[in-house]
Asks: 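Structure provided below as structure tokens; questions to follow.
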Amino acid sequence: MEDNKIRVGITQGDINGVGYEVILKTFSDPVMLELCTPIIYGSPKVAAYHRKSLDLPTNFSIVNSASEAAYNRLSVVNCTDDEVKVEFSKPDPEAGKAAFGALEKAIEEYKEGLIDVIVTAPINKHTIQSDEFSFPGHTEYIEQKLGNGEKALMILMKDDFRVALVTGHIPVSQIASTVTKELIQEKLSIFNRSLKQDFGISAPRIAVLSLNPHAGDEGLLGMEEQEIIIPALNEMAAKGMLCYGPYAADGFMGSGNFTHFDGVLAMYHDQGLSPFKALAMDEGVNYTAGLPVVRTSPAHGTAYDIAGKGLASEDSFRQAVYVAIDVYRNRQRDKAARTNPLRKQYYEKRDDSDKLKLDSVEEDL
Ligand SMILES: NC(=O)C1=CN([C@@H]2O[C@H](COP(=O)(O)OP(=O)(O)OC[C@H]3O[C@@H](n4cnc5c(N)ncnc54)[C@H](O)[C@@H]3O)[C@@H](O)[C@H]2O)C=CC1
Ligand SMILES: NCC(=O)COP(=O)(O)O
């Protein structure tokens, strides 16, 4: 390795979707190569196929591992069977196998310290399923593989607009029974910590959405607000967290109230992601908070309807690279700031001794 730029490991995702298109378009800009050292985990053959089909100018080097990645170059580590064929827009278990192989290799090299962050191109969540990958998505898989026992939180973000989820990829029929006081508090704690450490916000303000229409209308339309969400918020607020709500989701988003908060915690996937994508999908980023590893992805999926046509925008993928780099740097800064912190000094009221007291280091909620 000839440089000390952040090494961004990129997994190829589903080879029949728009993954390679957005990756190659992003790194056709030489400025991106000054910002980081990108390493694609995938297939030089498949990358070349996409480049030719879409008439893209992006060049890359073939390497055996990220340890060989060259300065100012896009590199590709081959982790895919050369026999695999690209068939644009086709859901194909072979493509699923290729997506999984790339993810496995990236995780292996991350563990070896060869890459600093992981940016994933979209997978087809159905075709990737196998005995080795039985998860609803990257979030849950990476939580298990690289979480060291920590829990993940899915955050979709664009600039200061950040939406996180209490429940994720579960059937709608299971949402109400999955939303518990403990789960809300767990997600709030991860969100609060991430806003501080990953985004440098010292006292984050978090809005929490209700589960039922109109926040339950005092119990008329459901009791979860009264019995679960409000007690969860009250306890966290008593510990000093700046959390507010529950807000009725439709009016909260429609009125623009969300702009007054650093983060919005939604109760379920479509409650949070539908308004988010309506407002911010173009440059939206999916960030997996709460884990030791920094992992991002574009907000979009495989987009089979436009695969191979040259129509996919790379904006979201480019932002995913930026966010991964920013969070990585913010974490380093936060770690440095927390090493040997100055302790707060104060005099106790009603203590006549004039004795200076030192408090203990603040614990994260
Ligand atoms: N992180 C991941 O791996 C994710 C994977 N998926 C998977 O992707 C597949 C398709 O999911 P959908 O819900 O259809 O969402 P999608 O994001 O693939 O497509 C939704 C719409 O947005 C458009 N679109 C998506 N990306 C675009 C881009 N870069 N430029 C321009 N237009 C774009 C598509 O053409 C389509 O009309 C599913 O298998 C899903 O599970 C979905 C989201 C994230
Ligand atoms: N809708 C968001 C999404 O599907 C994210 O999936 P993944 O990042 O967990 O693979």
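Every number for a ligand or one of its atoms is a count from 1 in the order of the listing.
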Asks: Which atom pairs, nitrogen or oxygen on both sides, join ligand 1 and the protein at under 3.5 angstrom?
Replies:
from: ligand 1; atom 1: 3 (O); to: Ile123; atom 2: N; distance (Å): 2.9
from: ligand 1; atom 1: 3 (O); to: His138; atom 2: ND1; distance (Å): 3.4
from: ligand 1; atom 1: 8 (O); to: Thr302; atom 2: N; distance (Å): 3.1
from: ligand 1; atom 1: 8 (O); to: Thr302; atom 2: OG1; distance (Å): 3.4
from: ligand 1; atom 1: 17 (O); to: Gly301; atom 2: N; distance (Å): 2.7
from: ligand 1; atom 1: 18 (O); to: Gly301; atom 2: N; distance (Å): 3.4
from: ligand 1; atom 1: 18 (O); to: Thr302; atom 2: N; distance (Å): 3.2
from: ligand 1; atom 1: 18 (O); to: Ala303; atom 2: N; distance (Å): 2.8
from: ligand 1; atom 1: 26 (N); to: His300; atom 2: ND1; distance (Å): 3.4
from: ligand 1; atom 1: 29 (N); to: His300; atom 2: NE2; distance (Å): 3.3
from: ligand 1; atom 1: 29 (N); to: Ser313; atom 2: O; distance (Å): 2.9
from: ligand 1; atom 1: 30 (N); to: Ser313; atom 2: N; distance (Å): 2.9
from: ligand 1; atom 1: 35 (O); to: Asp305; atom 2: OD1; distance (Å): 2.7
from: ligand 1; atom 1: 35 (O); to: Asp305; atom 2: OD2; distance (Å): 3.0
from: ligand 1; atom 1: 37 (O); to: Asp305; atom 2: OD2; distance (Å): 2.9

Asks: Under 4.0 Å between a side-chain nitrogen and a carboxylate oxygen: does that hold for Asp315 and Arg318?
Replies: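 Salt bridge between Asp315 and Arg318, a charged N being under 4.0 Å from a carboxylate O: yes.
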
Asks: Any salt bridge linking Glu235 with Lys181? Criterion: basic side-chain nitrogen under 4.0 Å from a carboxylate oxygen.
Replies: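 Lys181 and Glu235: salt-bridged.
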
Asks: Please check: side-chain N/O of Ser177 versus main-chain N/O of Gln174, any donor-acceptor pairing under 3.5 Å?
Replies: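 Indeed, once roles are kept as given, a pair shorter than 3.5 Å links the two residues.
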
Asks: What pairs of residues pass the salt bridge (charged side-chain N to carboxylate O under 4.0 Å, His left out) test when at least one of them lies in residues 143-161, not counting sequence neighbours?
Replies: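 Every salt bridge (charged side-chain N to carboxylate O under 4.0 Å, His left out) pair that includes a residue of residues 143-161, provided the two are not neighbours, is Lys158-Asp282, Asp160-Arg162.
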
Asks: Can Arg51 and Thr58 be counted as having a side-chain donor-acceptor contact under 3.5 angstrom?
Replies: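 Note: Arg51 and Thr58 side chains miss the donor-acceptor criterion.
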
Asks: Applying the side-chain contact (heavy atoms from CB on, under 4.5 Å) criterion to Phe60, which one of Ile40, Ile23, Val76 satisfies it?
Replies: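 Only match with Phe60 under side-chain contact (heavy atoms from CB on, under 4.5 Å): Val76.
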
Asks: Can you list, pair by pair, the side-chain donor-acceptor contacts under 3.5 Å of residues 244-257, counting residues two or more places apart and other chains?
Replies:
from: Ser255; atom 1: OG; to: Gly251; atom 2: O; distance (Å): 2.8
from: Ser255; atom 1: OG; to: Phe252; atom 2: O; distance (Å): 3.3
from: Ser255; atom 1: OG; to: Asn257; atom 2: N; distance (Å): 3.2

Asks: Dump the pairs for me: ligand 2 N or O, protein N or O, distance under 3.5 Å, to 0.1 Å.
Replies:
from: ligand 2; atom 1: 1 (N); to: His269; atom 2: NE2; distance (Å): 2.9
from: ligand 2; atom 1: 4 (O); to: Lys125; atom 2: NZ; distance (Å): 2.9
from: ligand 2; atom 1: 4 (O); to: His169; atom 2: NE2; distance (Å): 3.0
from: ligand 2; atom 1: 6 (O); to: Lys125; atom 2: NZ; distance (Å): 2.7
from: ligand 2; atom 1: 8 (O); to: Asn286; atom 2: ND2; distance (Å): 2.9
from: ligand 2; atom 1: 8 (O); to: Arg295; atom 2: NH1; distance (Å): 3.0
from: ligand 2; atom 1: 8 (O); to: Arg295; atom 2: NH2; distance (Å): 2.9
from: ligand 2; atom 1: 9 (O); to: His138; atom 2: N; distance (Å): 3.2
from: ligand 2; atom 1: 9 (O); to: Thr139; atom 2: N; distance (Å): 2.9
from: ligand 2; atom 1: 9 (O); to: Thr139; atom 2: OG1; distance (Å): 2.6
from: ligand 2; atom 1: 10 (O); to: Lys125; atom 2: NZ; distance (Å): 3.2
from: ligand 2; atom 1: 10 (O); to: His138; atom 2: N; distance (Å): 2.8
from: ligand 2; atom 1: 10 (O); to: His138; atom 2: ND1; distance (Å): 2.8

Asks: Is a side-chain N or O of Thr339 found less than 3.5 angstrom from the main chain of Lys335, in a donor-acceptor match?
Replies: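 Present.
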
Asks: Quickly, which of Thr296, Asp326, Asp198 forms a side chain to side chain donor-acceptor pair (under 3.5 Å) with Tyr287? Name it, please.
Replies: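 Output: one option passes, namely Asp198.
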
